[in-house]
Amino acid sequence: MSDAAGATKQPWEALLLAVAETGDRDAFSRLFAHFAPRVKSYLLRQGSSPSQAEDIAQETLALLWRKAGLFDPEKASASTWIFRIARNQMIDRIRRRKRPELDPNDPLLTPAAEPAPDRQASKQEDIAAVRSALAELPEKQREVIMLSFFEEDPHPAIAEKLQLPIGTVKSRIRLALARLDTLLDRNAHGES
Amino acid sequence: MDRHHHLPDDLLLAYAAGSLAEGWSLAVASHLTYCLSCRQRDGALEAIGTAALEEMPPEPMDAGAFEACMARAESAEAEQPGNVVAGSNTPAPLRQYLGCDIDAVKWSPLGGGIRQHLIETGDETRARLLFIPPGEDVPQHTHQGLELTLVLAGSFADGDEEFHAGDIEVADETVDHTPVSGPNGPCICLAVTDAPLVFRSWLPRMIQRFAKI
Ligand SMILES: [Zn+2]
């Protein structure tokens, strides 16, 4: 991880694996510099106070360090791993709810191993593809998708914010998800 | 994908975003244990949440935040994979609530050989296990809101659709159904509602109130 020239192109997965394998603080500081301010921003958007957002963002990154050994780049991108930790901290600390979760090591899991992807794309590329598909969505559709991730009770909150009937909010979300699927499919199979 | 046996996007999106109430989330997490197709959909929706996180305008952290974070990180041991229970027939998230497997829970009789076991949730959702002897009608009922029924053992049929272990039935208030358990052994399912069930027949109101259905 000491190769400074490659640092900006270093995928987050490699940095997180370096944290897991050698407790690499330099790699961790790069993850921190990128993700902590975004996690803080996400938490503020969920309605936490600035001091609470700072606290939970620090806690999220501290958990990232402690959970690094459990990270499996075959199953998730590093940024999705961070999203999950941040989301679960948000549910626990801001909404004060419990979140029942799948155990990835549950012997009941069927099928136990996910089928191999048809091409060896990194999960990091997947997130980049989702971001560009999101950018291609009509603004009204993009808006309801983003709000779905920020509101405690999304359908009524979005209806009030946009002055729309709840039925319209629900159908707009459905349309937006269908459009995203189409865009992702087209971008994956069309020009690379 | 057969939407009657799987989870619709609105529930999976709420689960991925972290806005789904606890009882529903318990049914979702338990179904995901059995279902690759819903797991993959959940992963796709989490990728959207991840993209949303990446799009957030960065909010500067306080001075000294990195050092404070490092100190926290090193104040506790690294996390190890959780213990899994080999040979369990109960999805891990449900097992956490029950404290045991589905065949070791304490049942309360509801009459007609049907039994239930209530599961405490911290919100308005009501979760319970139901035990239905083979070939028995689940009392005909309607409900005001949503009902999720996940089969854990045995099977049931609702109209001409069959549900086996791992399958989930998503029923809203427009459904007036009479599920019947399959002939081979009792059917045990996890049922989650957000409003009391309204039985049309069969079960006296007194028992309904007493049993907190
Ligand atoms: Zn499914």
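The chains referred to below are lettered A, B, ... by the order of the sequence lines, with proteins before strands, and numbering in each begins at 1. Just so you know, these numbers use all the heavy atoms, side chains as well, and skip hydrogens, waters and symmetry mates.
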Whatever's closer than 4.5 Å to a heavy atom in chain B on A/D55 counts as both
Taking the inter-plane angle between the rings of A/F28 and B/F66 on a 0 to 90° scale, is it parallel (under 30°), tilted (30 to 60°) or perpendicular (over 60°)? tilted
Are A/L177 and B/I48 close enough, and set up right, to give a side-chain contact (heavy atoms from CB on, under 4.5 Å), and what steps lead you there? CA-CA 10 Å; A/L177 289 176; B/I48 301 174; 3.9 Å; yes
May I ask you to name which of A/Q46, A/R95, A/E152, A/R84 has the most heavy-atom pairs under 4.5 Å with chain B? A/R84
Given the rule in the side-chain contact (heavy atoms from CB on, under 4.5 Å) test, do B/S25 and A/E101 qualify, once you have shown the distances and angles that lead to the verdict? CA-CA 8 Å; B/S25 297; A/E101 283 219 303; over 6 Å; no
Among B/D62, B/L32, B/L26, which has the most heavy-atom pairs under 4.5 Å with chain A? B/D62
With side chains defined as the heavy atoms from C-beta onward, is the minimum distance between B/E54 and A/S79 less than 4.5 Å? yes
Which region of A/D181, side chain (C-beta onward) or backbone (N, CA, C, O), has a non-hydrogen atom less than 4.5 Å from a non-hydrogen atom of chain B, or is it both or neither? side chain
A/P107 versus B/A86, closest heavy-atom pair with distance: CG-CA, 4.2 Å
Honestly, the part of B/P60 sitting under 4.5 Å from a heavy atom of chain A is backbone
A/L108 versus chain B, the contacting section by heavy-atom distance below 4.5 Å: both
Proximity breakdown for B/N89 and chain A, heavy-atom pairs closer than 4.5 Å: backbone
Per-residue contact mode, A/R131 against chain B (heavy atom under 4.5 angstrom): both
Measure across A/F149 and B/L45 and return the closest heavy-atom pair with its distance rounded to 0.1 Å. CZ-O, 3.4 Å
Who among A/M146, A/R38, A/H34 has the most heavy-atom pairs with chain B under 4.5 Å? A/R38
At a heavy-atom distance under 4.5 Å, which candidate from A/H155, A/E54, A/K67, A/R174 has the highest pair count against chain B? A/E54
For A/R45, is it the side chain, the backbone, both or neither that has a heavy atom under 4.5 Å from a heavy atom of chain B? side chain
In terms of heavy-atom proximity below 4.5 Å to chain B, should A/E59 be classed as side chain, backbone, both, or neither? both
Can you tell whether the side chains of B/E79 and A/R66 come within less than 4.0 Å, N to carboxylate O? no
Could you check whether A/R87 pairs with B/E46 (Lys NZ or Arg NE/NH1/NH2 to Asp/Glu carboxylate O, under 4.0 Å)? yes
Do A/K98 and B/Y97 have side chains that get closer than 4.5 Å, going by heavy atoms? yes
Could you tell me whether the side chain of A/W65 reaches within less than 4.5 Å of the side chain of B/M70, counting heavy atoms only? yes
For each of B/G122, B/C35, B/P91, B/A71, tally heavy-atom pairs with chain A at distances under 4.5 Å, and name the one with the top tally. B/P91
Would you say B/D10 and A/I173 make side-chain contact, with heavy atoms under 4.5 Å? no
Picking from A/T60, A/L184, A/N105, which has the most non-hydrogen pairs under 4.5 angstrom with chain B? A/N105
Are B/D9 and A/K170 close enough for a salt bridge, meaning some N to O gap below 4.0 Å? no
Under-4.0 Å salt bridge between A/R97 and B/D123: yes
What part of A/R96 gets within 4.5 angstrom of chain B, counting heavy atoms only: side chain, backbone, both, or neither? neither
Could you tell me which of B/S88, B/A92, B/A44 has the largest number of non-hydrogen atom pairs under 4.5 Å with chain A? B/A92
Max heavy-atom pair count under 4.5 Å with chain A, selected residue of B/A52, B/A76, B/G49, B/G87: B/G49
Smallest heavy-atom separation, B/A17 atom then A/Y42 atom, equals O-OH, 4.4 Å
Would you mind checking which part of A/I145 comes under 4.5 Å of any heavy atom in chain B, side chain (CB onward), backbone (N, CA, C, O), both or neither? side chain
Heavy-atom proximity to chain A below 4.5 Å, by part of B/Q96: neither
At their closest point, which heavy atom of A/F83 faces which heavy atom of B/A16, and how far apart are they? CZ-O, 3.6 Å
Shortest non-hydrogen pair, A/L70 vs B/Q80, comes out as CD2-C, 3.8 Å
Nearest heavy atoms of A/P100 and B/E22, plus distance in Å: CG-O, 3.7 Å
So, taking the atom named CD in B/E55 and the one named CG in A/L134, what distance separates them when rounded to the nearest 0.5 Å? 7.0 Å
Partner chain A: residue of B/S75, B/A78, B/A65 with the largest heavy-atom pair count (under 4.5 Å): B/A65
Just by modelled atom types, is the B/P58 backbone N or O under 3.5 Å from a matching donor or acceptor in the A/K40 side chain? no
So which part of A/L102 gets closer than 4.5 Å to some heavy atom of chain B, the side chain, the backbone, both or neither? both
Under a 4.5 Å heavy-atom cut-off, does chain A meet the side chain of B/Y15, its backbone, both or neither? both
Set of side-chain contact (heavy atoms from CB on, under 4.5 Å) partners for A/S41, sequence neighbours left out: B/M56, B/P57, B/E59
Is chain B contacted by the side chain of A/L64, its backbone, both, or neither, given a heavy-atom distance below 4.5 Å? neither
Residue pair B/R72 / A/L63, side-chain heavy-atom distance below 4.5 Å: no
Looking at chain B, which one of A/I91, A/T80, A/D103 has the largest number of heavy-atom pairs inside 4.5 Å, strictly under? A/T80
